[in-house]
Amino acid sequence: MSAYDEIYQESLNNPEKFWGSAAEHIHWYKKWDKVLDDSDAPYYRWFTGGELNTCYNALDVHVENGRADQAALIYDSPITDSQRTYTYRELRDEVARFAGMLAEKGVVKGERVIIYMPMIAEAAISMLACARLGAVHSVVFGGFAANELAVRIDDAQPKVIVTASCGIEPGRIVEYKPLLDEAIDTATHKPDACIILQREQAIAALVEGRDYDMKELMASAEAHDCVSVAATDPLYILYTSGTTGQPKGIVRDNGGHAVALKWSMKSIYDIDPGDVYWAASDVGWVVGHSYIVYAPLFNGNTTILYEGKPVGTPDAGAFWRVISEHEVRCLFTAPTAFRAIKKEDPDGKLVADYDLTCLDSLFLAGERCDPATLVWAQEKLKVPVIDHWWQTETGWAICANCTGIELLPVKEGSPSKAVPGWDLRVLGEDLQEIKAGEIGALVVKLPLPPGTFPTLWNAKERHHEAYLADYPGYYKTADAGFIDEDGYVFVMSRTDDIINVAGHRLSTGAMEEVLSAHPDVAECAVTGVADKLKGQVPLGFIVLNAGCERSHEDIAKEVIKMVRDRIGPVAAFKQAVVVKRLPKTRSGKILRGTMQKIADVAPWKMPATIDDPVILDEITEVLKSIGYAKKE
Ligand code: COA
Ligand code: AMP
C-alpha cells in the first residue's frame, strides 16, 4: 500500500483518531469532549466542548515559541511601489491593538464585522483582530459594487465595518468610500461605526459620528488579549455566489478550521514551519482566507500578501520577482493568472531573469486547469505543478496531489485524488454509485472533514436544500465529473448556474436578475462562454418588450452598465445581444446549457423536450455574428 493509500484509508476508517491526533498540533484552552459529534446528523460538528482562539494559534503561539522575530507577513505592493515586513511579534502587537480598537467600538464575541478592503496588510490584520475577540468577520471582495455590499450588510448585520479609502487597479483608483456610503444608504441595517484607513492615493470624506480614521484610533488603542471561544463558534462568514442574487453566507467554525488547515500545510503543500508560502489570490476569496491568512500563520510560515497582478505590475515577470526576492517555496494561484503570463510572455523569457531555485511547487485551483497551461508552467518553472479542487464551502482541498504525503504521478486535467478525510463518490441520477470513468454528480459522503462549513448564515433550510437534500447522506458539490480506474478525479463542469470567470465564482442567475430589471427587457438569459484568458466570460441574451424600437446597441450598453453598477466590475459582463426569442423546453425552462455549448462549439444534442428547434438556429446565427459558434 502506498503512503497516500494508507493515510487516506486511515482517515476514513477512523476519523476520530485521525483528526484527534491532528488536533494535538493546535493550542486549546480546553480540550474537546468529542472529536466528531454526530448527535444532530446530518449536521455534524467537530471538537465539541473544545475551546481555543484562532488568533492565538496564528500569532501568539509562535511569538511564545521562538518565532517572534521571524517574518510572519510580507506585504508586497508593486502597484504602490512599497513593501513592509511584519515579524510575528510585530503582527501580534498590531493585531492586539486593532482588536482593542474594535472592542472600544463595541465589538465583542459573536458580533459581526464586515471588512471591505483592498490587498493591504490591514485586511489580514483586521481579520485576525476579529478572531482575537471571538468576533465574526465577513470580508467582501473589493471588486463588488455597492449593492452587493448592501446585501451582505443586511444579512450579516455588522456592528462595525472596516474599510480603506481606496483600492488601486492598474490605471485607476477605486474609491471605496462612496461605495460604502451608498451600500449603507441602501441597506436596512446600519453599522454603529465605520473605521477607514486613509490611503494617500485618495482621502475619503468621513461622516461625523459614524466614520473614524483608523490611524487616529490605532494611535491610542490598547492591546486586547485573545478571547477563548468554543471550537464550534463561527470564525467567519464568507459570502459566495448561489443560484440567485442572494449570496450564500458560508460559515466557518474555529476549531475544525484550525485543525484542518494546519494539517494541510504539511500534508498537501509539503510546507514546514519557517518556509515562505505565497497564495497569489485576494483576501476577499476563500483562497485568501485559508492560504494567505490562516493556514500559513497556523503553521509558522512567512505569508505574502501581494497587491498587484500577474501582468502589468510592471510586467509578466512580476510573479518571478516575488518568488526570488522573498524565497518562496510554494506558490498557489489560479490557472487564469498563468494564462495571463503566458499570453504576454509565451516563451517564458522573463523566467530566466530570476533565480527561482527556492521554488518547490506550484499549486493551481479556482477553476478547471487546462492541460496547456499546466504543461507550460511545468516546463518554465521545472517544479511539480499541482492542480487541486476545492470550493468556498469546503475551505480547503477536496482533491489534490498531497505532496507532503507522497507525490503521485500527475495526470493532466485531473486534480489527482481525494484528500484524506474526503470520502468522494460519483452518483448517477438514480442516486447509485456509478462505474469508474462515467460522469455523474461528485458528492462527498458525510461527515465532511473538519474545516468545512457547518451551515449557512441565517439560512439553515437553504443549506439543507442546496447541499444535503438531493443526495441524502452526502454533500452535493454541484460539480459533475468522474473518477478513473486509478482513483484520479476529473472535475468537468458545474451542475448549476455558477460560472467561473478568471477564477472568480459568479452567478448567472444574479446577472439575469439585473438584466430583467431593465425596462425594455422582456426576458433574458446569461450563460458563460469559453474565453482564452479568463476561462469563461458571461454573455447575456435579451429579448425586448414588444414594440420596443430603441437601438439594440444602446440597450446592450445600458444592461452592461447595470451589471457593473449592481454586481461590480468583477462580473466582467461586457457582452449582451438582443435575440428575438429564447430557446426553451415545452415546460418553459430556458436551454442555457445548449446555448453555451453552441457558443463554445462543444458537442450537443437536440433536447428531446425542446419547444421550437428553429430558435436554436436563430441563436446560432446571432452567436456567429459576434464571433462565437465557429470553429477556429
Ligand atoms: N477591486 C476593484 N476592482 C477590481 C478588483 C478589486 N479588488 N479586482 C478586479 N477588479 C476589476 C478589474 O479592474 C477589472 O475591471 P475592468 O473591467 O475595469 O477592467 C474587472 O474587475 C475584472 O477583473 P479581473 O477578472 O481580475 O480581470 P483583469 O482583466 O483585471 O485581470 C487576470 C485578469 C487574469 C490578470 C486576473 O483576473 C487575475 O489575476 N486573476 C487571478 C484570480 C485569482 O487569484 N482568483 C482567486 C482564486 S485562486
Ligand atoms: P469557489 O467557491 O470560488 O472556490 O469556486 C468553486 C468552484 O470552482 C468549484 O465548484 C469548481 O466548479 C471550480 N473549481 C475550483 N477548483 C477547480 C479545479 N481544480 N478544477 C476544476 N474546477 C475547479
Side-chain angles (χ1 to χ4, degrees), residues 79 116-120 123 140-145 164 166-176 179 238-242 248 250 279-292 306-313 316 318-319 332-344 363-370 374 386-400 413-416 442 476-481 489-496 498-506 531 533-537 560 563-564 567-574:
I79 208 142
Y116 185 53
M117 293 280 243
M119 281 291 287
I120 52 179
V140 179
F141 177 62
F144 281 125
C166 66
I168 304 156
E169 285 293 291
R172 74 190 159 105
I173 304 282
V174 182
E175 290 197 31
Y176 280 30
L179 298 172
L238 179 57
Y239 289 90
T240 190
S241 301
K248 293 167 170 168
I250 305 299
S281 176
D282 190 290
V283 284
W285 305 120
V286 66
V287 174
H289 280 61
S290 295
Y291 291 105
I292 296 175
Y306 174 73
E307 190 183 29
K309 301 270 172 178
V311 293
T313 56
F319 275 20
F332 176 174
T333 192
T336 189
F338 266 74
R339 287 196 296 270
I341 295 169
K342 184 170 150 228
K343 190 170 162 220
E344 297 251 316
F363 279 76
L364 299 172
E367 58 177 323
R368 191 171 152 71
C369 180
D370 53 297
L374 186 108
I386 313 290
D387 176 16
H388 62 330
W389 167 55
W390 49 302
Q391 309 180 311
T392 306
E393 286 84 346
T394 68
W396 59 290
I398 310 167
C399 282
S414 165
S416 300
L442 290 167
K476 178 175 91 173
T477 66
D479 276 310
V489 178
F490 290 78
V491 182
M492 307 306 289
S493 59
R494 291 283 303 193
T495 56
D496 56 13
I498 301 293
I499 59 169
N500 218 302
V501 180
H504 309 313
R505 168 169 161 177
L506 299 165
D531 180 81
L533 175 64
K534 298 194 177 191
Q536 277 185 310
V537 287
I560 287 168
V563 174
R564 194 175 171 94
I567 297 180
V570 68
F573 184 82
K574 303 215 163 157

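Both counts, for ligands and for their atoms, begin at 1 and track the order of listing.
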Ligand 1 contact by Glu367, heavy-atom criterion under 4.0 angstrom: no
Glu367, portion touching ligand 2 at heavy-atom distance under 4.0 Å: backbone
Region of Arg494 that comes within reach of ligand 2 [heavy atoms, distance under 4.0 Å]: side chain
Numbered atoms and elements of ligand 2 in range of His388, under 4.0 angstrom, heavy atoms: 16 (N), 18 (C), 19 (N)
Minimum-distance pair of heavy atoms, taken over all atoms of Thr240 and Arg505: OG1-NE, 3.2 Å
Heavy-atom nearest neighbour of atom 9 (C) of ligand 2 within options Asp479, Leu238, Leu364: Asp479
Distance flag for atom 46 (C) of ligand 1, protein heavy atom under 4.0 Å: yes
N or O contact, Thr392 vs ligand 2, cut-off under 3.5 Å: yes
Shortest protein contact, atom 42 (C) of ligand 1 (heavy atom only): Ala502 O, 3.2 Å
Proximity flag Val287 to ligand 1, non-hydrogen atoms under 4.0 Å: yes
Close side-chain approach of Tyr239 and Thr392, heavy atoms under 4.5 Å: no
Distance-only side-chain donor-acceptor flag, Tyr306 / Thr333, under 3.5 Å: no
Protein heavy atom at shortest distance from atom 5 (C) of ligand 1: Glu169 OE2, 3.5 Å
Selection from Gly143, Gly284, Ala571, Gly167 by shortest heavy-atom distance to atom 6 (C) of ligand 1: Gly143
Option set Ala334, Ala397, Gly366, Ala478, criterion heavy-atom distance to atom 15 (C) of ligand 2, minimum: Gly366
Val287 contact mode with ligand 2 (heavy-atom cut-off under 4.0 Å): neither
Heavy-atom nearest option to atom 27 (O) of ligand 1, drawn from Lys574, Glu344, Lys534, Arg564: Lys534
Mode of Trp390 contact toward ligand 2 - side chain, backbone, both, neither (heavy atoms, under 4.0 Å): backbone
Winner among Ala279, Pro170, Ala572, Pro310 once heavy atoms are compared against atom 38 (C) of ligand 1: Pro310
Straight-line distance of Glu367 CD to Asp387 CG, nearest 0.5 Å: 9.5 Å
Geometric N/O contact Thr240 with ligand 2, under 3.5 angstrom: no
